[in-house]
2 protein chains.
Amino acid sequence: MLLTLTEPADVQMRLDYFETRCKELGLRVTRQRQEIFRAVAQSDKHPSAEAVFLQVRESMPNVSLDTVYRTLSSLEEMGLLMRVGLSSKARFDGDLRPHCHFVCTQCGEVYDIFPQENEQIACPLPARNIGEIKQINIQFKGICKNCRPQ
Amino acid sequence: MLLTLTEPADVQMRLDYFETRCKELGLRVTRQRQEIFRAVAQSDKHPSAEAVFLQVRESMPNVSLDTVYRTLSSLEEMGLLMRVGLSSKARFDGDLRPHCHFVCTQCGEVYDIFPQENEQIACPLPARNIGEIKQINIQFKGICKNCRPQ
DNA sequence: TTCCTTATTAGGAAAAATTACTATATGCTA
DNA sequence: TAGCATATAGTAATTTTTCCTAATAAGGAA
């Protein structure tokens, strides 16, 4: 299985697509949602909620932090942006054998996935140019069988 | 590049190794550190700091939450356990093209890594049995060139 | 366009998660 | 075993995220 998501690079096109998606889902196209989506779509800095809040506040001084958090979460659910890593609290793993994690977005449960005998976890070459890699972390997010049987 | 870390499965062996590592690094072998390490090493539940705190408190009723947080972080630095995902606050990415992230553990900066033309991001087969995968998240942790030039 | 309905928001408060502080305790070296 | 420096408990503070409610505004109907 490969990742196949692609998205128009142009921000305006993505804003249009965002509106379409909102209407499909029966969500109102509010200025707050637009600006918050734009702030993330325009940035290549992987901004935090706080950073998005500060950015959006430039054009909407009264926007609330709650709205930013709420909107970021719903945009994530809509598949219009992604959260880097896990949300909320930290989880720890004492098993250092190479393996991946499946994280259920419903119940929060973390499952280990040990690769098959002949499977390899490969590291893209460009990573070496950015710095010294000390750890690899591979996560799959989705709904586990307990939460959605069958 | 492949992940090559392996660790003795037996908890007692790992505790011994933990002591050795502490001594190598000039860290004191305190009961708190032992119990906190044991709690994570024994568990297959990817416990949170809170969960570790509750577990350790069974045998050490006066252990403090601060000690748990501090110790988990230092155990991570020592390479004796790993943190699932990122620490602290959430970061968002509006670019949905398949790519990985390099996270600098020093400055917190997040760098994009786009795979080479012929590279593939593969998903271990067993993942399919756990649930429906909606997203793949690959992170590399380390020190970026800005923080440790050359 | 204007009105209505209901989803959404602002603002503030609260909760949850993590970190900082300091006096005390304790591991380790000699 | 004594002394010293590190580590801890207990608490407070900070940071991050979520909750609550009255007010607002989007989108559909008239």
Side-chain angles (χ1 to χ4, degrees), chain A residues 15 18-37 39-40 46-78 81 83-92 105 108, chain B residues 15 18-40 46-78 80-81 83-92 105 108:
Chain A
L15 271 165
F18 159 71
E19 286 202 21
T20 307
R21 283 287 285 148
C22 280
K23 283 166 186 162
E24 278 172 17
L25 297 165
L27 297 171
R28 293 180 182 173
V29 180
T30 65
R31 174 123 181 275
Q32 286 85 343
R33 282 188 172 138
Q34 288 175 307
E35 295 301 310
I36 289 166
F37 177 66
V40 179
H46 312 87
S48 63
E50 175 85 13
V52 172
F53 174 63
L54 293 175
Q55 166 69 40
V56 171
R57 209 165 54 163
E58 307 241 313
S59 59
M60 298 187 73
N62 291 330
V63 72
S64 83
L65 191 54
D66 177 45
T67 298
V68 172
Y69 273 101
R70 198 168 8 83
T71 303
L72 287 173
S73 290
S74 65
L75 288 171
E76 185 191 8
E77 271 188 74
M78 292 166 72
L81 59 78
R83 191 184 294 259
V84 182
L86 294 179
S87 63
S88 71
K89 63 186 165 190
R91 302 285 292 263
F92 298 89
T105 52
Chain B
L15 271 166
F18 159 71
E19 286 203 23
T20 306
R21 284 288 285 149
C22 280
K23 284 167 186 163
E24 278 172 16
L25 297 165
L27 297 171
R28 295 182 180 169
V29 181
T30 63
R31 174 122 182 275
Q32 286 86 343
R33 283 189 173 137
Q34 288 175 308
E35 293 303 309
I36 289 166
F37 177 66
R38 188 203 305 277
V40 179
H46 311 87
S48 64
E50 175 85 14
V52 172
F53 173 63
L54 294 174
Q55 166 69 39
V56 172
R57 210 165 54 166
E58 307 241 313
S59 59
M60 298 186 72
N62 291 330
V63 72
S64 84
L65 190 53
D66 177 44
T67 297
V68 172
Y69 273 102
R70 201 167 9 81
T71 303
L72 287 173
S73 290
S74 64
L75 289 171
E76 185 190 8
E77 273 188 75
M78 293 165 70
L80 289 168
L81 58 78
R83 190 185 295 260
V84 182
L86 295 179
S87 63
S88 73
K89 63 186 164 190
R91 301 285 293 262
F92 298 89
T105 52

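None of these values were measured; they are calculated from a predicted model. So you know, we letter chains A, B, ... as the sequences are listed, proteins then strands, and number each from 1.
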**Study point:** Contact under 4.0 Å: A:Y69 side-chain N or O vs D:dT18 OP1/OP2
**Key:** no

Point to revise | Under 4.0 Å protein heavy-atom contact, by nucleotide of nucleotides 25-30 of chain D - B base, S sugar-phosphate only | key: BBS---

Point to revise | Nucleotide D:dA13, atom P - distance to CG of B:L65 in whole Å | key: 17 Å

Review point. How long is the span from the CD1 atom in A:I36 to the OG1 atom in A:T30, to the nearest 0.5 Å?
Key: 7.5 Å

Practice item. Answer yes or no: is there a side-chain heavy-atom contact under 4.5 Å between B:F37 and B:L15? Key: yes

Review point. Are any of B:R70's side-chain N or O atoms less than 4.0 Å away from OP1 or OP2 of D:dT8?
Key: yes

Point to revise | Note, B:R28 side chain near B:R33 side chain (heavy atom, < 4.5 Å) | key: yes

Check your understanding: Atom CZ of A:F18 and atom NZ of A:K23: how far apart are they, to the nearest 0.5 Å?
Key -> 10.0 Å

**Study point:** Positional range of nucleotides in DNA chain C within the contact set of chain A, heavy-atom, under 4.0 Å
**Key:** C:dT6 to C:dT18

Practice item. Answer with yes or no whether the side chains of A:E19 and A:Q34 bring together a donor and an acceptor at under 3.5 Å. Key: yes

Review point. Would you say the side-chain atoms of A:R70 and A:T67 include a donor-acceptor pair closer than 3.5 Å?
Key: yes

Exercise for review: Please examine the side chains of B:S64 and B:Q32, heavy atoms only from C-beta on, and report whether any two atoms are closer than 4.5 Å.
Suggested key: no

**Study point:** Straight-line distance of A:S73 OG to A:L81 CG, nearest 0.5 Å
**Key:** 9.0 Å

Review point. To the nearest Å, how far apart are B:M60 CE and D:dA7 C1'?
Key: 11 Å

Exercise for review: Write down the distance between CG (A:D66) and P (D:dC20), rounded to a whole number of angstrom.
Suggested key: 11 Å

**Study point:** Rounded distance (Å) that lies between atom C1' of D:dT17 and atom CZ of A:F53
**Key:** 13 Å

**Study point:** Heavy-atom side-chain contact between B:R31 and B:S59 under 4.5 Å
**Key:** yes

Exercise for review: For B:R57 and D:dT8, give me the distance from atom CZ to atom C1', rounded to whole Å.
Suggested key: 16 Å

Check your understanding: Between D:dT8 and B:N62, is there an OP1 or OP2 to side-chain N/O distance shorter than 4.0 Å?
Key -> no

